[in-house]
There are 2 protein chains.
Amino acid sequence: MTKKVTNSVFATHAPHLIKDAVKLIASYPKMPITVDCVIFGFEESELKVLLIRSDLEMYKGFWSLLGDNVKDNEELDTAAYRILKERTGMNDVYLDQVRAFSHPKRHPGGRVITLAYCSLLNIQHHELKIYANELHWHSFSSIKEMAFDHKEILDTCHTWLQKRIQEHPLGFNLLPDKFSLRELQNLYEAILGVSLDRRNFRKKFASMDLLIDVGEMEEDVPHRPGKLYKFNFDKYEKNKRKWIGIDF
Amino acid sequence: MTKKVTNSVFATHAPHLIKDAVKLIASYPKMPITVDCVIFGFEESELKVLLIRSDLEMYKGFWSLLGDNVKDNEELDTAAYRILKERTGMNDVYLDQVRAFSHPKRHPGGRVITLAYCSLLNIQHHELKIYANELHWHSFSSIKEMAFDHKEILDTCHTWLQKRIQEHPLGFNLLPDKFSLRELQNLYEAILGVSLDRRNFRKKFASMDLLIDVGEMEEDVPHRPGKLYKFNFDKYEKNKRKWIGIDF
DNA sequence: TATTATTGTGTAAAATATACACAATTAAAT
DNA sequence: ATTTAATTGTGTATATTTTACACAATAATA
């Protein structure tokens, strides 16, 4: 324990210790906290995002992220999972905190701090439970303006995803369990906004040796079918290595 | 504007629009928010962190991060800068939001969500304004236990820094304006916890061409003095390029 | 049976990363 | 003045990784 008591030059005052932590906390300003989820999907070689119409008169007609206020004694992660569950009916989705947005005027109803979460899910694997407020999937690139600061949040999460997908095996959450290398490449190209060399892309994944050939082929494609693969999460987790490489 | 009105299958209910955003917000649970700053410095080839004694009786003797509650209508970034200014007297320090910690029991006084910030500063360039509560610099590696969940926050910020320093030119904020390549290498080695090949390290930075030789040498060193450099922030900002490189 | 679209594959060249050693310089000790 | 100790500054050969690029094989459709 780092508890050694020093009689150093630093101890200029006798410490005035606070006994009542509850009272201390009670003196802090309190404010509402929300969680907003950027839910990405992937379909027809396009990155999609799940949005709802804003239910504020002031933002009538504008699209909004899926969010809710955080309950007393609710963890932020729990709140984000709750929102996802409520809207998509899905349980085991990929979810990660991105960052807080705190501009005092970001919400017309007053001061609200929001925590942005990024979620990735396989559009086929779930059905939207409710279509209230026109909940549905949009092509990411078609979204130009949104309610509140949600466009800024969306863009922040997109940039976060672009970076993240290059360093971590997140992308598979957007694909079916079994996918072809073509689908995987389309995913990377859609998210990164670049086109990649097909042979080099395949070689790259081959050299990682993290894809399991499931012994099946694409079906109903009007051309030579490709092999289907699964991502080897177990092997990835076991061998997760830290890279040292300075580059900026 | 993304406002096209669809008469699609999605519009199953007539939307019930909320007129009074203030009233809406008033119905949300409110909670205290704090900002905790992990302030890193670098001295004698060691990564340091600026800590204070906890002023809670319950954590008597334990070290604590520098934090404060967020004021009404105060941005999180502003709160973090305020804390830094109050404690170190420094204005233009590097500061970045890392993430929120929200466990309902993380604070003994009740529910408090905190936003962790990571700050990097040059220890020589400032004097601690106040030594209240034994504010001073600790070797990062010596800190084993802390008040609240602050050890977890510290470790999260350390990991964040390890990753970040490899991809962005943050490290220079920890060094004097003019520094030798040796100091720079010591910094990277201390943060990453590895030892690096001196010639390759220098070659790497030489190839980036982002260090300006200021034409001065180290002084008062008991050996051949090294050249001093400045980091070329202008050039870096101009040429900032996006790398595409899948690797995990 | 031909056409269309796409898969699966390899190699050569370029760029980058790694491993490694010695002469030059300064301060300090003699 | 000379030696010693510590560290700087530098280059090359090898291994690894990245890039650019073309053609035969396969399935569905016409």
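Sequence lines set the chain letters: A, B, ... in the order given, protein chains first and strands last, and positions in each chain run from 1.
When the salt bridge (Lys or Arg N to Asp or Glu O under 4.0 Å) test is applied to B/Glu237, the partners found at least two apart in sequence or on another chain are B/Lys240. Residues meeting the salt bridge (Lys or Arg N to Asp or Glu O under 4.0 Å) test with B/Asp155, sequence neighbours left out: B/Lys151. With sequence neighbours excluded, the residues satisfying ring-ring contact (aromatic ring centres under 6.0 Å, His included) with A/His158 are A/Phe140. B/Phe40 pairs by the ring-ring contact (aromatic ring centres under 6.0 Å, His included) definition with nothing, not counting sequence neighbours. Legend: residues meeting side-chain contact (heavy atoms from CB on, under 4.5 Å) with B/Lys204, ordered by chain and number and at least two apart, are A/Asp247, B/Met208. Looking at residues two or more places apart in sequence or on another chain, you find no ring-ring contact (aromatic ring centres under 6.0 Å, His included) involving B/Tyr94. For A/Tyr81, there are no ring-ring contact (aromatic ring centres under 6.0 Å, His included) partners, not counting sequence neighbours. For B/Lys235, the salt bridge (Lys or Arg N to Asp or Glu O under 4.0 Å) test picks out B/Asp209, with sequence neighbours left out.
Under 3.5 Å, the side chains of B/Gln166 and B/Gln162 contain no donor-acceptor pair of N or O atoms.
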Measure all distances between protein nitrogen or oxygen atoms and nitrogen or oxygen atoms of nucleotides 1-4 of chain D, and list the pairs falling under 3.5 Å.
none

Polar atom pairs between nucleotides 19-22 of chain D and protein, under 3.5 Å, N or O only, would you list them?
residue : atom : partner  : partner atom : Å
D/dT19  : O4   : A/Lys203 : NZ           : 3.0
D/dA20  : N7   : A/Asn200 : ND2          : 3.0
D/dA20  : N6   : A/Asn200 : OD1          : 3.4
D/dA20  : N6   : A/Lys203 : NZ           : 3.2
D/dC21  : N1   : A/Arg199 : NH2          : 3.3
D/dC21  : N3   : A/Arg199 : NH2          : 3.3
D/dC21  : N4   : A/Arg199 : NE           : 3.4
D/dA22  : N7   : A/Arg199 : NH2          : 3.2
D/dA22  : N6   : A/Arg199 : NE           : 3.2
D/dA22  : N1   : A/Arg199 : NH1          : 3.1

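Residues from residues 182-196 of chain A placing a heavy atom under 4.0 Å of any atom in DNA chain D do not occur. Shown for residues 218-232 of chain B: residues whose heavy atoms fall under 4.0 angstrom of DNA chain C, namely B/Val221, B/Pro222, B/His223, B/Arg224, B/Pro225.
If you take CG of B/Leu181 and C1' of D/dT10, they are 12 Å apart, rounded to a whole angstrom.
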